[in-house]
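Remarks on the structure that follows.
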Amino acid sequence: MTTSVSSVELDAQDRGGPAQPLLVVKDLKKHFPVRAGMFEREKKFVHAVDGVSFSVAKGKTLGIVGESGCGKSTTARLIARLMPPDSGSMVFDGDGVAEYGGIALKEFRRNLQMVFQDSFASLNPRLTIVETIAYGPQVHGMTTEIAMHEARALLARVGLEPDQFASRYPHELSGGQRQRVNIARALAFHPRLVILDEAVAALDKSVQAQVLNLLQELKAERQLTYLFISHDLHVVHYISDEVMVMYLGQVVERGPVEKIYSEAAHPYTRALISAVPIPDPKLERARSRIALRGELPSPIDPPKGCTFHTRC
(Lines give C-alpha, C1' and ligand atoms only; values in the text may rest on other atoms or scores of the structure.)
Protein backbone atom coordinates (compact mmCIF):
# COMPACT_ATOMS: atom_id res chain seq x y z
CA MET A 1 0.00 0.00 0.00
CA THR A 2 1.40 3.40 -0.98
CA THR A 3 -0.20 6.59 0.30
CA SER A 4 0.67 9.86 -1.43
CA VAL A 5 -0.70 13.30 -0.68
CA SER A 6 1.87 15.16 -2.75
CA SER A 7 0.86 18.23 -4.74
CA VAL A 8 3.63 17.59 -7.28
CA GLU A 9 2.60 15.16 -9.99
CA LEU A 10 5.10 12.88 -11.71
CA ASP A 11 3.73 13.63 -15.16
CA ALA A 12 3.95 17.43 -15.15
CA GLN A 13 4.29 18.56 -18.75
CA ASP A 14 5.71 22.07 -18.20
CA ARG A 15 9.08 21.06 -19.61
CA GLY A 16 11.85 23.07 -18.00
CA GLY A 17 9.44 25.57 -16.43
CA PRO A 18 8.77 26.34 -12.76
CA ALA A 19 6.01 23.71 -12.58
CA GLN A 20 8.33 21.01 -13.92
CA PRO A 21 9.85 18.95 -11.06
CA LEU A 22 13.62 19.22 -10.99
CA LEU A 23 13.97 15.46 -10.56
CA VAL A 24 11.53 12.68 -11.40
CA VAL A 25 12.42 9.11 -10.49
CA LYS A 26 10.32 6.29 -11.94
CA ASP A 27 10.34 2.64 -10.84
CA LEU A 28 13.96 2.57 -9.67
CA LYS A 29 15.18 -0.91 -8.75
CA LYS A 30 18.37 -2.43 -7.37
CA HIS A 31 18.60 -6.11 -6.38
CA PHE A 32 21.88 -7.47 -5.03
CA PRO A 33 22.56 -11.18 -5.71
CA VAL A 34 23.05 -13.42 -2.69
CA ARG A 35 25.78 -16.05 -2.82
CA ALA A 36 24.00 -19.37 -3.27
CA GLY A 37 24.95 -22.52 -1.36
CA MET A 38 26.31 -25.63 -3.02
CA PHE A 39 22.92 -27.32 -3.26
CA GLU A 40 20.73 -24.26 -3.87
CA ARG A 41 19.33 -24.16 -7.39
CA GLU A 42 17.43 -20.89 -7.21
CA LYS A 43 19.44 -17.69 -7.22
CA LYS A 44 18.27 -15.20 -4.58
CA PHE A 45 18.46 -11.42 -4.40
CA VAL A 46 18.31 -8.74 -1.73
CA HIS A 47 15.56 -6.32 -2.80
CA ALA A 48 17.41 -3.18 -1.65
CA VAL A 49 15.38 -0.76 -3.79
CA ASP A 50 12.22 -2.23 -5.25
CA GLY A 51 10.31 0.09 -7.56
CA VAL A 52 10.82 3.55 -6.03
CA SER A 53 9.07 6.48 -7.74
CA PHE A 54 8.92 10.11 -6.62
CA SER A 55 9.54 13.68 -7.71
CA VAL A 56 11.23 16.73 -6.19
CA ALA A 57 9.96 20.22 -6.95
CA LYS A 58 12.42 23.01 -7.71
CA GLY A 59 13.69 24.87 -4.68
CA LYS A 60 12.15 22.36 -2.26
CA THR A 61 13.53 19.83 0.20
CA LEU A 62 12.32 16.24 0.15
CA GLY A 63 13.11 14.39 3.37
CA ILE A 64 13.54 10.62 3.13
CA VAL A 65 13.04 8.63 6.34
CA GLY A 66 12.81 5.01 7.40
CA GLU A 67 14.52 2.35 9.49
CA SER A 68 18.11 1.32 8.84
CA GLY A 69 18.23 -0.99 5.82
CA CYS A 70 15.07 0.38 4.19
CA GLY A 71 16.98 1.53 1.08
CA LYS A 72 17.40 5.28 1.70
CA SER A 73 21.14 5.49 1.04
CA THR A 74 21.02 2.98 -1.81
CA THR A 75 18.36 5.14 -3.48
CA ALA A 76 20.62 8.18 -3.13
CA ARG A 77 23.58 6.35 -4.67
CA LEU A 78 21.44 5.13 -7.56
CA ILE A 79 20.25 8.67 -8.26
CA ALA A 80 23.83 9.96 -8.22
CA ARG A 81 24.84 6.99 -10.41
CA LEU A 82 27.48 5.89 -7.92
CA MET A 83 26.07 2.45 -8.73
CA PRO A 84 24.05 1.41 -11.78
CA PRO A 85 20.33 0.67 -11.28
CA ASP A 86 18.87 -2.63 -12.49
CA SER A 87 15.93 -0.77 -14.03
CA GLY A 88 14.04 2.49 -13.84
CA SER A 89 14.49 5.96 -15.28
CA MET A 90 15.17 9.52 -14.18
CA VAL A 91 14.14 12.85 -15.66
CA PHE A 92 16.11 15.97 -14.72
CA ASP A 93 14.24 19.22 -15.42
CA GLY A 94 12.38 17.63 -18.31
CA ASP A 95 15.34 15.77 -19.84
CA GLY A 96 15.93 12.03 -19.51
CA VAL A 97 19.19 11.20 -17.73
CA ALA A 98 21.73 9.33 -19.89
CA GLU A 99 19.12 8.82 -22.61
CA TYR A 100 19.22 9.67 -26.30
CA GLY A 101 18.28 13.33 -26.68
CA GLY A 102 18.41 13.86 -22.90
CA ILE A 103 21.02 15.17 -20.49
CA ALA A 104 24.44 13.49 -20.61
CA LEU A 105 25.60 11.72 -17.46
CA LYS A 106 28.61 14.05 -17.10
CA GLU A 107 26.38 17.14 -17.23
CA PHE A 108 23.89 15.55 -14.83
CA ARG A 109 26.67 14.91 -12.31
CA ARG A 110 27.76 18.54 -12.48
CA ASN A 111 24.21 19.52 -11.51
CA LEU A 112 24.03 16.99 -8.66
CA GLN A 113 26.36 16.74 -5.68
CA MET A 114 26.34 14.64 -2.49
CA VAL A 115 27.31 15.28 1.12
CA PHE A 116 27.91 12.08 3.09
CA GLN A 117 27.61 11.21 6.78
CA ASP A 118 31.30 10.45 7.39
CA SER A 119 32.89 13.86 7.01
CA PHE A 120 36.45 12.53 7.47
CA ALA A 121 36.26 9.63 4.99
CA SER A 122 34.78 12.01 2.39
CA LEU A 123 37.96 14.12 2.30
CA ASN A 124 41.38 13.33 0.87
CA PRO A 125 43.82 13.40 3.83
CA ARG A 126 46.70 14.39 1.51
CA LEU A 127 45.04 17.59 0.25
CA THR A 128 44.65 20.85 2.13
CA ILE A 129 41.12 22.16 2.61
CA VAL A 130 41.36 24.75 -0.18
CA GLU A 131 42.89 22.15 -2.56
CA THR A 132 40.02 19.77 -1.76
CA ILE A 133 37.38 22.34 -2.72
CA ALA A 134 39.24 23.47 -5.85
CA TYR A 135 40.10 19.97 -7.09
CA GLY A 136 36.78 19.15 -8.80
CA PRO A 137 36.47 22.40 -10.79
CA GLN A 138 40.10 22.04 -11.88
CA VAL A 139 39.42 18.55 -13.22
CA HIS A 140 36.54 20.00 -15.23
CA GLY A 141 38.75 22.63 -16.87
CA MET A 142 38.79 25.62 -14.52
CA THR A 143 42.19 27.30 -14.14
CA THR A 144 44.01 26.78 -10.84
CA GLU A 145 43.97 30.50 -10.03
CA ILE A 146 40.21 30.86 -10.47
CA ALA A 147 39.47 27.55 -8.73
CA MET A 148 41.55 28.54 -5.70
CA HIS A 149 39.93 31.99 -5.56
CA GLU A 150 36.42 30.47 -5.64
CA ALA A 151 37.42 27.84 -3.07
CA ARG A 152 38.50 30.52 -0.60
CA ALA A 153 35.24 32.43 -1.19
CA LEU A 154 33.23 29.26 -0.52
CA LEU A 155 35.20 28.63 2.68
CA ALA A 156 34.23 32.07 3.90
CA ARG A 157 30.59 31.48 2.93
CA VAL A 158 30.30 28.29 4.98
CA GLY A 159 31.75 30.03 8.04
CA LEU A 160 35.44 29.09 7.87
CA GLU A 161 37.94 31.97 7.71
CA PRO A 162 40.13 31.27 4.62
CA ASP A 163 43.34 32.70 6.15
CA GLN A 164 42.89 30.41 9.13
CA PHE A 165 41.60 27.18 7.51
CA ALA A 166 42.67 27.10 3.83
CA SER A 167 46.06 25.47 4.47
CA ARG A 168 44.85 22.97 7.07
CA TYR A 169 44.35 19.25 6.51
CA PRO A 170 41.18 17.27 7.36
CA HIS A 171 42.61 15.76 10.56
CA GLU A 172 43.14 19.28 11.93
CA LEU A 173 39.41 20.11 11.83
CA SER A 174 36.45 19.19 14.02
CA GLY A 175 33.55 17.15 12.66
CA GLY A 176 31.39 20.22 12.13
CA GLN A 177 34.20 22.07 10.35
CA ARG A 178 34.85 19.09 8.06
CA GLN A 179 31.17 18.91 7.16
CA ARG A 180 31.23 22.61 6.26
CA VAL A 181 34.16 21.84 3.95
CA ASN A 182 32.15 19.04 2.33
CA ILE A 183 29.25 21.43 1.77
CA ALA A 184 31.64 23.98 0.21
CA ARG A 185 33.12 21.29 -2.02
CA ALA A 186 29.63 20.31 -3.21
CA LEU A 187 28.79 23.94 -4.00
CA ALA A 188 31.99 24.41 -6.03
CA PHE A 189 30.23 22.89 -9.06
CA HIS A 190 27.24 25.27 -8.73
CA PRO A 191 24.82 22.33 -8.55
CA ARG A 192 21.05 22.54 -8.71
CA LEU A 193 20.38 19.39 -6.65
CA VAL A 194 22.25 18.39 -3.47
CA ILE A 195 21.77 15.00 -1.82
CA LEU A 196 22.48 15.10 1.92
CA ASP A 197 22.87 11.53 3.20
CA GLU A 198 22.77 11.67 7.01
CA ALA A 199 24.89 14.82 6.66
CA VAL A 200 24.30 16.04 10.24
CA ALA A 201 23.83 12.68 12.00
CA ALA A 202 27.37 12.54 13.45
CA LEU A 203 27.36 16.12 14.79
CA ASP A 204 26.59 17.45 18.26
CA LYS A 205 23.15 19.07 18.58
CA SER A 206 24.49 22.63 18.76
CA VAL A 207 26.74 22.11 15.72
CA GLN A 208 23.92 20.27 13.98
CA ALA A 209 21.66 23.30 14.35
CA GLN A 210 24.34 25.60 12.91
CA VAL A 211 24.85 23.37 9.86
CA LEU A 212 21.08 23.05 9.29
CA ASN A 213 20.68 26.83 9.39
CA LEU A 214 23.60 27.17 6.95
CA LEU A 215 21.92 24.69 4.58
CA GLN A 216 18.68 26.68 4.72
CA GLU A 217 20.53 29.93 3.94
CA LEU A 218 22.43 28.38 1.01
CA LYS A 219 19.21 26.89 -0.35
CA ALA A 220 17.58 30.34 -0.49
CA GLU A 221 20.67 32.10 -1.86
CA ARG A 222 21.47 29.63 -4.62
CA GLN A 223 17.96 28.30 -5.43
CA LEU A 224 19.06 24.79 -4.45
CA THR A 225 16.92 21.68 -4.25
CA TYR A 226 17.68 19.14 -1.51
CA LEU A 227 17.19 15.42 -1.04
CA PHE A 228 17.65 15.11 2.72
CA ILE A 229 18.11 11.58 4.08
CA SER A 230 17.95 11.09 7.83
CA HIS A 231 16.72 8.82 10.61
CA ASP A 232 16.13 11.84 12.86
CA LEU A 233 12.50 12.84 12.36
CA HIS A 234 12.96 16.09 14.33
CA VAL A 235 15.61 17.24 11.83
CA VAL A 236 13.52 16.13 8.85
CA HIS A 237 10.52 18.05 10.21
CA TYR A 238 12.63 21.20 10.54
CA ILE A 239 14.28 21.23 7.12
CA SER A 240 11.86 19.47 4.76
CA ASP A 241 8.96 20.67 2.63
CA GLU A 242 7.85 17.12 1.81
CA VAL A 243 8.53 13.76 3.45
CA MET A 244 8.88 10.34 1.84
CA VAL A 245 8.74 7.25 4.05
CA MET A 246 10.50 4.05 2.91
CA TYR A 247 10.10 0.48 4.16
CA LEU A 248 11.86 -2.59 2.74
CA GLY A 249 12.99 -0.79 -0.40
CA GLN A 250 9.60 0.72 -1.24
CA VAL A 251 7.85 4.05 -0.75
CA VAL A 252 4.90 3.64 1.62
CA GLU A 253 3.90 7.29 2.06
CA ARG A 254 4.79 10.73 0.71
CA GLY A 255 3.37 14.17 1.26
CA PRO A 256 3.78 17.69 2.72
CA VAL A 257 5.70 17.61 5.98
CA GLU A 258 2.96 19.09 8.19
CA LYS A 259 0.35 16.78 6.68
CA ILE A 260 2.49 13.70 7.27
CA TYR A 261 3.40 14.62 10.86
CA SER A 262 -0.14 15.52 11.87
CA GLU A 263 -2.27 13.12 9.78
CA ALA A 264 -0.09 10.23 8.68
CA ALA A 265 -2.16 7.69 6.75
CA HIS A 266 0.13 4.67 6.78
CA PRO A 267 0.47 2.67 10.04
CA TYR A 268 4.25 2.42 9.63
CA THR A 269 4.55 6.22 9.39
CA ARG A 270 2.35 6.63 12.47
CA ALA A 271 4.59 4.18 14.37
CA LEU A 272 7.75 6.10 13.41
CA ILE A 273 6.29 9.45 14.44
CA SER A 274 4.99 8.05 17.74
CA ALA A 275 8.58 7.06 18.64
CA VAL A 276 9.94 10.62 18.29
CA PRO A 277 10.89 11.92 21.77
CA ILE A 278 9.00 14.94 23.14
CA PRO A 279 11.05 17.40 25.27
CA ASP A 280 8.21 17.87 27.78
CA PRO A 281 8.22 14.90 30.24
CA LYS A 282 4.52 15.31 31.03
CA LEU A 283 3.52 15.13 27.37
CA GLU A 284 5.95 12.24 26.83
CA ARG A 285 4.34 10.19 29.63
CA ALA A 286 0.79 11.00 28.49
CA ARG A 287 1.43 9.99 24.91
CA SER A 288 0.76 6.45 23.68
CA ARG A 289 3.44 4.88 21.51
CA ILE A 290 2.68 2.48 18.69
CA ALA A 291 4.77 -0.66 19.13
CA LEU A 292 5.50 -2.59 15.96
CA ARG A 293 4.95 -6.31 16.40
CA GLY A 294 6.71 -9.18 14.73
CA GLU A 295 10.11 -9.42 13.10
CA LEU A 296 11.25 -7.27 10.21
CA PRO A 297 10.75 -9.41 7.06
CA SER A 298 13.81 -10.46 5.09
CA PRO A 299 14.60 -8.22 2.09
CA ILE A 300 15.57 -11.43 0.26
CA ASP A 301 11.96 -12.66 0.38
CA PRO A 302 9.74 -9.62 1.11
CA PRO A 303 6.00 -10.11 1.71
CA LYS A 304 3.70 -9.94 -1.31
CA GLY A 305 1.46 -6.92 -1.77
CA CYS A 306 1.96 -4.32 0.96
CA THR A 307 5.30 -5.25 2.51
CA PHE A 308 4.14 -4.00 5.92
CA HIS A 309 1.08 -6.26 6.23
CA THR A 310 2.93 -8.86 8.36
CA ARG A 311 3.43 -6.26 11.13
CA CYS A 312 0.29 -4.17 10.65
Side-chain angles (χ1 to χ4, degrees), residues 1-4 10 23-56 62-91 97-98 105 108-109 112 114-118 121-122 193 195-199 201-202 227-233 236 243-254 266-272 275 291-312:
M1 180 176 82
T2 301
T3 305
S4 176
L10 284 178
L23 179 69
V24 178
V25 176
K26 294 183 179 179
D27 200 27
L28 203 63
K29 292 185 180 181
K30 185 65 178 181
H31 297 170
F32 295 101
V34 178
R35 189 177 225 174
M38 185 180 298
F39 300 105
E40 291 184 23
R41 296 182 179 180
E42 185 180 352
K43 194 171 186 180
K44 296 182 179 180
F45 295 87
V46 174
H47 296 69
V49 177
D50 202 17
V52 167
S53 298
F54 64 91
S55 63
V56 191
L62 175 65
I64 304 179
V65 300
E67 293 173 292
S68 295
C70 71
K72 305 186 299 294
S73 294
T74 303
T75 298
R77 283 161 172 74
L78 292 173
I79 293 171
R81 289 300 174 94
L82 297 181
M83 61 175 69
D86 294 335
S87 63
S89 62
M90 293 191 298
V91 178
V97 177
L105 195 56
F108 173 67
R109 283 173 169 160
L112 180 150
M114 282 191 72
V115 179
F116 298 92
Q117 177 178 355
D118 193 334
S122 302
L193 175 65
I195 299 177
L196 300 144
D197 188 3
E198 301 281 9
L227 264 181
F228 190 88
I229 298 168
S230 179
H231 65 274
D232 189 332
L233 272 73
V236 171
V243 178
M244 184 173 82
V245 184
M246 291 188 65
Y247 180 78
L248 279 183
Q250 296 182 359
V251 178
V252 295
E253 187 162 11
R254 179 171 64 95
H266 199 283
Y268 177 64
T269 308
R270 293 200 295 268
L272 287 180
L292 296 179
R293 299 179 179 178
E295 294 294 327
L296 182 70
S298 170
I300 298 176
D301 186 23
K304 303 299 182 184
C306 175
T307 53
F308 188 69
H309 81 264
T310 59
R311 305 172 74 190
C312 188

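The figures that follow rest on heavy atoms only: side chains count, while hydrogens, waters and symmetry mates do not.
Checked against side-chain contact (heavy atoms from CB on, under 4.5 Å), V91 has the following partners two or more places apart in sequence or in another chain: V24. Partners of Q117 according to the side-chain contact (heavy atoms from CB on, under 4.5 Å) rule, which considers only residues two or more places apart in sequence or in another chain, are E198, A201. For the side chain to side chain donor-acceptor pair (under 3.5 Å) test, no residue two or more places apart in sequence or in another chain qualifies with T75. Remark: F45 engages H31, P33, K43 in a side-chain contact (heavy atoms from CB on, under 4.5 Å) (not counting sequence neighbours). Applying the side-chain contact (heavy atoms from CB on, under 4.5 Å) rule to T310 yields the partners P297, P303; only residues at least two apart in sequence or on another chain are considered. Listed by chain and residue number, Y247, H266, Y268 satisfy the ring pair (Phe, Tyr, Trp, His ring centres under 6.0 Å) test with F308 (two or more places apart in sequence, or in another chain). Residues passing the salt bridge (charged side-chain N to carboxylate O under 4.0 Å, His left out) test with D27: none are found, sequence neighbours excluded. Here D86 pairs with K30 under the salt bridge (charged side-chain N to carboxylate O under 4.0 Å, His left out) rule; sequence neighbours left out. Under the salt bridge (charged side-chain N to carboxylate O under 4.0 Å, His left out) criterion, R77 pairs with D197, not counting sequence neighbours. Shown here are the ring pair (Phe, Tyr, Trp, His ring centres under 6.0 Å) partners of F228, two or more places apart in sequence or in another chain: there are none.
The CE atom of M114 lies 12.0 Å from the CZ atom of R109; values are rounded to the nearest 0.5 Å. Annotation: the span from R254 atom CZ to T269 atom OG1 amounts to 13.0 Å, rounded to 0.5 Å. Taking CG of L296 as the reference point, atom SG of C70 lies at 10.0 Å (rounded to 0.5 Å). S87 contributes atom OG, which lies 14.0 Å from atom NZ of K26 (distance to the nearest 0.5 angstrom). One distance of note links CD of Q250 with OG1 of T307; it measures 4.5 Å at 0.5 Å rounding. Expressed to the nearest 0.5 Å, how far CG of L193 lies from CD1 of I79 amounts to 7.5 Å.
Among all heavy-atom pairs drawn from L28 and V49, the shortest one is O-CG1, 3.3 Å. Taking all atoms of both residues into account, the shortest heavy-atom contact from G66 to L272 is CA-CD1, 4.4 Å. Nearest heavy atoms, A80 versus L112: CB-CD2, 3.7 Å. Contact record, G51 with K29: N-CG, 3.3 Å, taken as the closest heavy-atom pair. Residues V236 and G63 come closest through the heavy atom pair CG1-CA, 4.2 Å. For the pair V52 and V25, the tightest heavy-atom approach, listed with the atom from each and the gap, is O-CG1, 3.7 Å.
Applying the salt bridge (Lys or Arg N to Asp or Glu O under 4.0 Å) definition to pairs two or more places apart or across chains, those involving residues 298-312 are E67-R311.
L78 places none of its side-chain heavy atoms less than 4.5 Å from the side chain of M90.
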Intermediate values then yes/no, side chain to side chain contact (heavy atoms under 4.5 Å, CB included), L227 and I64: CA-CA 7 Å; L227 264 181; I64 304 179; 3.8 Å; yes
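Looking only at distances, no side-chain donor or acceptor of K72 sits under 3.5 Å from a matching main-chain atom of M246.
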